[in-house]
**Student:** 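Below: one structure in structure tokens.
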Amino acid sequence: MKNLNKFIGCCAFALPLLTACTGGYDSMNTNPAAANKVSPAYTLPTVIELVTNVSCDPYQRGENLYTQFYAQYFANTHASWNSDRYGYNDGWAVAGFWNPYYSALKHLKVLKNEVTENPSYNNIYQMMRIIVAERTAAMTDIYGDMPYSKAALGNDGPEYDAQKDIYYDIFKELTEASDVLGQNLANQETCTQEQDLIYAGDTQKWRKFANSLRLRYALRLVNVDPAKAKAEGEAALAAGVMSKEDESAMEKVFATAGWGHPLYMICAWNSFTMSKTMENIFKHESTVYDPRMPMWFGQTHGYHEAQVNGTLATFKGKQFQGVPNGLTDPVRLSKDADGYVQYSVDNNSAPWGLQAFPEWNSAGTEITNTVLTLPLKVMGYSEVCFLKAEAAVRGWAGSGSAQANYEAGIRASFAEARAGVAESLYSTANDNTYITTGNVAWNSAASTDAKLKKIITQKWIALYPDGNEAWAEFKRTGYPELMPVYKSDNPDINPATGQFVKKLRYPDAERRDNPHATESTLNGGKGDGMNVRVWWDVRGL
């Protein structure tokens, strides 16, 4: 949804008016066609769209070109782009992360000041607190310490908050918002699906979303602040998290102005493809291929052409194939003796799966419509199942059975991947085999770490395409086992020794204009840099 800023020009009147009587001054200077107060129900969709980057431009510059590459869902296939090799582009990071977030945070802080005088705004304020808290966590996971409590108040150079303090405030925001929504307040502003793009005003689902986020962020802290993690996690479970698929946080996409779901808009531009890591996990975790692969990814052009031409027997590629992350252009474009380009766009799988483009995988018909109104997943029920599975492994009260939650998470992810796909286009025959064989099969006698590896690997798959969360969980746990990038353009990150990118550095404008952006105390005294671990990332130290 695009927001148009309307500017009303004011005429400069002659000097005699300045000395005239002022009895009707207020009424004379009030636009009779303008609303004196605008319901925050009309601001809520703007905030939701800002923090989820539903517009294609910020989505591509942030989620796609950074965190989806870092999480290794996708690999770059565009000549000269180097974010997949840990190069940094300030314009992308600012447009994709920094600017949308601080715009949303400003809206939240303005509304906070209005709620006291307008109690009918309360429910909407709580919804806004929850969705901004989700993005606040993503931002601090990306940047570490950052401006927060003093930010978006109209002041220059706001102070940076420590990530620990930001996390503690996120827990407070989520808890308070859920509690207030549970009071069933009367005389609240109407909020329909046109304003609340996630739950169409269903406050009880918002509560479960808040509690589920609280569980997510509690587990983020298990290695650095275990007592706080356990207390918050058990409290979230007791308060009630998502318990079924229709409670997932799925954002409605209106496809206004010819722009639809951002991933499926940008995937037609052939700038990225399935990563080799994702291909390997799809094909080798179980004894059968992952049923989600054709739901999300398309068969390669090369395979389809060979199929049509009757040359599959000599085709060197695969039906589904991925590209290693971090390739240089000469490697990516290199040909073998027969002229076959293994890493070309034609020989690798774009996100043209059955869920979005059934005409490609089912009939080999080129995609023609990328303006899709498929919902944008903010948090799925499948993730909550995996959160509960990990909580159970750690012995947290109220988490249930680790195995039951783990297997329910896989099945819920299957359902999410197949949502909206015609049943005639897929088979469920291998579902049980996938879950009960190979590395996927649960082993109650396995070590805690072996169980966590299974849970996090399956959660990584289920989170797709949420690169922000998948990258954060990889940093926390080391799972799934990603492939070191082929080459790093950042001299501080050496893939040959198994190093991966840890955070984004602060924007150029922050480094230049905000004196707090270069303080030696940032990120626990580690400062800034893409090799710097955030507060909760202590794995391997």
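What you see is a predicted model, and the numbers here were worked out from it, not measured in a lab.
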**Student:** Tell me which one of Arg129, Lys112, Arg207 satisfies salt bridge (Lys or Arg N to Asp or Glu O under 4.0 Å) with Glu176.
**Tutor:** Arg129
**Student:** Could you tell me whether the side chain of Glu134 reaches within less than 4.5 Å of the side chain of Glu173, counting heavy atoms only?
**Tutor:**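 A side-chain contact is absent here, since even the closest heavy-atom pair is not under 4.5 Å.
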**Student:** Does any non-hydrogen side-chain atom of Thr46 lie less than 4.5 Å from one of Leu50?
**Tutor:** yes
**Student:** Does NZ belonging to Lys150 count more than 12 external heavy atoms closer than 6.0 Å?
**Tutor:**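 Incorrect, the count does not exceed 12.
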**Student:** Measure from NZ or CZ of Lys106 to the centre of the six-membered ring of Tyr102, then state whether that distance is under 6.0 Å and the direction lies within 45° of the axis.
**Tutor:** no
**Student:** Any non-hydrogen side-chain atom of Leu452 less than 4.5 Å from a side-chain atom of Arg394?
**Tutor:**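 SC-SC contact between Leu452 and Arg394 confirmed.
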**Student:** Find the distance between CG (Leu463) and NZ (Lys377) and round it off to the nearest 0.5 Å.
**Tutor:**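 Rounded to the nearest 0.5 Å, the CG-NZ separation comes to 6.5 Å.
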**Student:** Check whether the side chains of Asn325 and Tyr86 place a donor and an acceptor atom closer than 3.5 Å, and report yes or no.
**Tutor:**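 On atom types as modelled, these side chains do not qualify, holding no pair under 3.5 Å.
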**Student:** Using only heavy-atom distances, determine whether the side chains of Asp179 and Gln183 contain a donor-acceptor pair under 3.5 Å.
**Tutor:**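 Absent: no donor and acceptor within the cut-off.
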**Student:** Between atom OG of Ser271 and atom CG of Asp84, what is the distance when rounded to the nearest 0.5 Å?
**Tutor:**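 Separation between the atoms: 12.0 Å.
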**Student:** Decide side-chain hydrogen bond (donor to acceptor under 3.5 Å, both in side chains) for Trp206 and Asp196; before the verdict, give the C-alpha distance in whole Å, the side-chain angles of both, and the deciding distance to 0.1 Å.
**Tutor:** CA-CA 10 Å; Trp206 272 101; Asp196 174 5; 2.7 Å; yes
**Student:** With a 3.5 Å cut-off and no angle check, do the side chains of Asn187 and Ser120 form a donor-acceptor pair?
**Tutor:** no
**Student:** Can you tell me if Asn64 and Gln60 form a side-chain donor-acceptor pair at under 3.5 Å?
**Tutor:**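 No, no side-chain donor-acceptor contact under 3.5 Å.
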**Student:** Would you say Asp537's side chain and Arg476's backbone share a donor-acceptor pair under 3.5 angstrom?
**Tutor:**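 Answer holds: no.
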**Student:** Provide the closest heavy-atom pair for Tyr70 versus Ser83 in the form atom of the first, atom of the second, distance.
**Tutor:** CE2-O, 3.6 Å
**Student:** With rounding to the nearest 0.5 angstrom, report the OH to CD distance, Tyr264 to Gln355.
**Tutor:**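 The OH atom of Tyr264 sits 4.5 Å away from the CD atom of Gln355.
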**Student:** So which atom in Ala229 and which in Ala218 form the shortest heavy-atom distance, rounded to 0.1 Å?
**Tutor:** CB-O, 3.1 Å
**Student:** Establish, from distance only, whether the side-chain atoms of Ser248 and Glu245 form a donor-acceptor pair under 3.5 Å.
**Tutor:** no
**Student:** Please determine whether salt bridge (charged side-chain N to carboxylate O under 4.0 Å, His left out) holds for the pair Arg418 and Asp431, giving the CA-CA distance in whole Å, both sets of side-chain angles, and the decisive distance to 0.1 Å.
**Tutor:** CA-CA 12 Å; Arg418 291 165 175 158; Asp431 287 9; 2.8 Å; yes
**Student:** Please check: side-chain N/O of Ser212 versus main-chain N/O of Lys208, any donor-acceptor pairing under 3.5 Å?
**Tutor:** yes
**Student:** If you look at every heavy atom in Cys56 and Trp259, which pair is closest and at what distance?
**Tutor:**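 Closest pair (atom of Cys56, atom of Trp259, distance): SG-CE3, 3.2 Å.
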**Student:** Would you say the side chains of Trp536 and Asp141 form a donor-acceptor pair under 3.5 Å?
**Tutor:**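 Yes, because at least one side-chain N or O of Trp536 sits under 3.5 Å from a partner of the opposite role on Asp141.
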**Student:** Could you verify whether a donor N or O on one side chain and an acceptor N or O on the other, from Gln68 and Tyr59, lie under 3.5 Å apart?
**Tutor:**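 Note: Gln68 and Tyr59 side chains meet the donor-acceptor criterion.
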**Student:** Is there side-chain contact between Tyr167 and Tyr217, with at least one heavy-atom pair below 4.5 Å?
**Tutor:** yes
**Student:** Are Glu63 and Asn468 linked by a side-chain donor-acceptor pair shorter than 3.5 Å?
**Tutor:** yes
**Student:** More than 12 heavy atoms of other residues, nucleotides or ligands under 6.0 Å from CG of Asp156: is that the case?
**Tutor:** no
**Student:** Does a donor on one side chain sit under 3.5 Å from an acceptor on the other, for Arg292 and Tyr434?
**Tutor:** yes
